[in-house]
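Atoms within a ligand are numbered from 1 in the order they appear, just like the ligands themselves. Residue numbers start at 1 and run along the sequence shown.
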Amino acid sequence: MSQSVVLGVIGGSGLYHIEGVETVAEHRLDTPFGAPSDAIVEARIGDRTVHFLPRHGRGHRLLPAEVPARANIHALKQLGVNHVLAISACGIMQEAIRPGDMIVPDQIFDRTRGQRPSTFFGDGIAGHVIRRVPTSTRGGTYLCMEGPAFSTRAESHFYRNAVDAAVIGMTALPEAKLAREAEMCYALLATGTDYDCWHEEEEDVTVDQVLAVLQANSALAKQIVSEVATRLSAESACPCLRAAERAIITDPAVIPPEAKERLRVLYGKYLD
Ligand SMILES: CSC[C@H]1O[C@H](OP(=O)(O)O)[C@H](O)[C@@H]1O
Ligand SMILES: Nc1ncnc2[nH]cnc12
C-alpha cells in the first residue's frame, strides 16, 4: 500500500539552516526519548513541505555521540516525515573521490562504541528490523566511527583496506538504524571534505579544512535539497515504510502499557 511522501532533511556539520526557502513554521517538539537537537523548521520548496533539523543544533553544540538521534527521528515521525535525506561531511577514503564530491553511500559499517542508544525497542517490547541494505540508494560504504577525535593513520588504513570504505563520518549511526525502525526511507548525502590521514600527498584532516569545503559547496548542497524536494514522487510503496510490520516478537498480551504508550507514535498501528 502506498503512502504520501513527506520529506525531512537532517543537516550535518556546516548546515544549520536552509537559506532562501520560505519558512512556514518552527516546531519545538518533545518526545518520549527527550528533546531533539533543535527546533524543526517547516519550509516550502516548490510544491513540497520539507522539515529541516540541524543534527548538531544551531551553533553546532552537540558532539556526534551527544546527538539525540532517537528524539530526532521520533520528532520527525510526529510531523509525518517518512523520507529522510541525511546530509553529512565526510572524510574521503578512496583516491578517485575529490574534495567537494557528493557521495550517496548504500552501506554503513559500524565502528561506534555502543554508547549511543540505537533502538526504540526494549523495556518490555522486543523487535528486530532487517537492515541488509540500510539506506534507500546506492554508492559505497560509509564507515561510522565513534569520534569525536579523528582517526589515527593505522585506523584510516584499516578502514580503507579491510572495509573498503568510500567515506568516513561519525553520525550516520544510530540515525540510519532508527530511521529504519521508524519505517522511514533514509538516504545519506555525504560531502567528501578531506582525505582523513591516509594520503601521502594530501593534508591531514582539520576542522578548518572540513568547513572550508562545506562553505564552498553550500550552494550545491542547497541545490540538491531543492532537486530532491522537487523530484521525489508524491507517493511511495517502498518496503522501508513497513519495516516494523513483522519486527515485533513480544506477545502483545505481555507488553507493558507504558511501553505501548512510549511507542504509540511509531507502532500504534501494530500494537492496538
Ligand atoms: C566538523 S568535522 C567532524 C564532524 O563532521 C561530521 O558531522 P556530520 O556527519 O553531522 O556532517 C562528522 O560526522 C563529525 O561529526
Ligand atoms: N576525516 C573525517 N573523519 C570523520 N568524520 C569526518 N567528517 C569530515 N571529515 C571526517
Side-chain angles (χ1 to χ4, degrees), residues 8-18 36-38 52-69 71-73 76 84-95 97-105 108-113 115-116 134-135 140-160 163 165-179 186-199 202-218 220-222 224-225:
V9 176
I10 300 180
S13 291
L15 188 62
Y16 311 107
H17 58 273
I18 321 180
S37 299
D38 212 320
F52 177 80
L53 173 62
R55 180 185 289 125
H56 301 277
R58 282 175 250 189
H60 202 127
R61 293 171 283 101
L62 300 166
L63 284 172
E66 293 173 336
V67 171
N72 289 351
I73 295 295
L76 290 169
V84 172
L85 176 64
I87 302 183
S88 265
C90 287
I92 298 166
M93 303 304 279
Q94 292 177 5
E95 188 84 55
I97 304 174
R98 304 301 304 165
D101 285 356
M102 300 290 212
I103 300 103
V104 182
I108 304 175
F109 193 96
D110 192 356
R111 283 276 300 179
T112 63
R113 296 292 182 217
Q115 290 145 358
R116 309 176 183 191
T135 66
T141 296
Y142 172 118
L143 187 132
C144 191
M145 59 176 288
E146 179 63 31
F150 291 116
S151 305
T152 64
R153 183 159 287 187
E155 289 163 344
S156 202
H157 281 304
F158 177 77
Y159 301 149
R160 273 169 53 74
V163 182
V167 290
I168 183 167
M170 306 178 190
T171 59
L173 292 173
E175 197 173 86
K177 243 183 211 179
L178 292 163
Y186 181 91
L188 261 172
L189 178 64
T191 302
T193 53
D194 58 87
Y195 284 99
D196 201 36
C197 58
W198 58 268
H199 204 296
E202 301 283 351
E203 296 285 306
D204 291 344
V205 55
T206 63
V207 167
D208 285 350
Q209 186 191 13
V210 169
L211 293 178
V213 174
L214 291 174
Q215 183 76 33
N217 253 34
S218 66
L220 180 58
K222 194 194 147 200
I224 292 177
V225 170

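At a heavy-atom cutoff of 4.0 Å, ligand 1 is contacted by both the backbone and the side chain of M170. The proximity of P64 to ligand 1, defined as any non-hydrogen pair under 4.0 Å, is limited to the side chain.
Among protein heavy atoms, the minimum distance from atom 1 (C) of ligand 1 is reached at S13 OG, 3.7 Å. Atom 2 (S) of ligand 1 has its closest protein heavy atom at F150 CZ, 3.8 Å.
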So Y16 and H60, ring-ring contact (aromatic ring centres under 6.0 Å, His included) or not? Walk me through it. CA-CA 8 Å; Y16 311 107; H60 202 127; 5.7 Å; yes
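Under 4.0 Å from any atom of ligand 2, one finds heavy atoms of residues A89, C90, G91, M145, F150, I168, G169, M170, T193, D194, D196, V205, V210.
Those atoms of ligand 1 that come under 4.0 Å of a heavy atom in T171, given as number and element, are 8 (P), 9 (O), 10 (O), 13 (O), 15 (O). For ligand 1, the atoms lying closer than 4.0 Å to a non-hydrogen atom of R55 are 8 (P), 9 (O), 10 (O), 11 (O). Per-residue contacts place H56 under 4.0 angstrom from the following atoms of ligand 1 (heavy atoms of the residue considered): 7 (O), 8 (P), 10 (O), 15 (O).
Under 3.5 Å, the side chains of H56 and E66 contain no donor-acceptor pair of N or O atoms.
The backbone N or O of A165 lies less than 3.5 Å from a partner atom in the side chain of Q94, making a donor-acceptor pair. The backbone N or O of S37 sits less than 3.5 Å from a side-chain atom of N72, completing a donor-acceptor pair.
Of all heavy-atom pairs between W198 and I92, the closest is NE1-O, 2.8 Å.
Annotation: H60 places no N or O atom under 3.5 Å from an N or O atom of ligand 1; distance criterion only. Distances between N or O atoms of S88 and those of ligand 1 include at least one value under 3.5 Å.
With rounding to the nearest 0.5 angstrom, the CD1 atom of I10 is 11.5 Å from the CG atom of L15.
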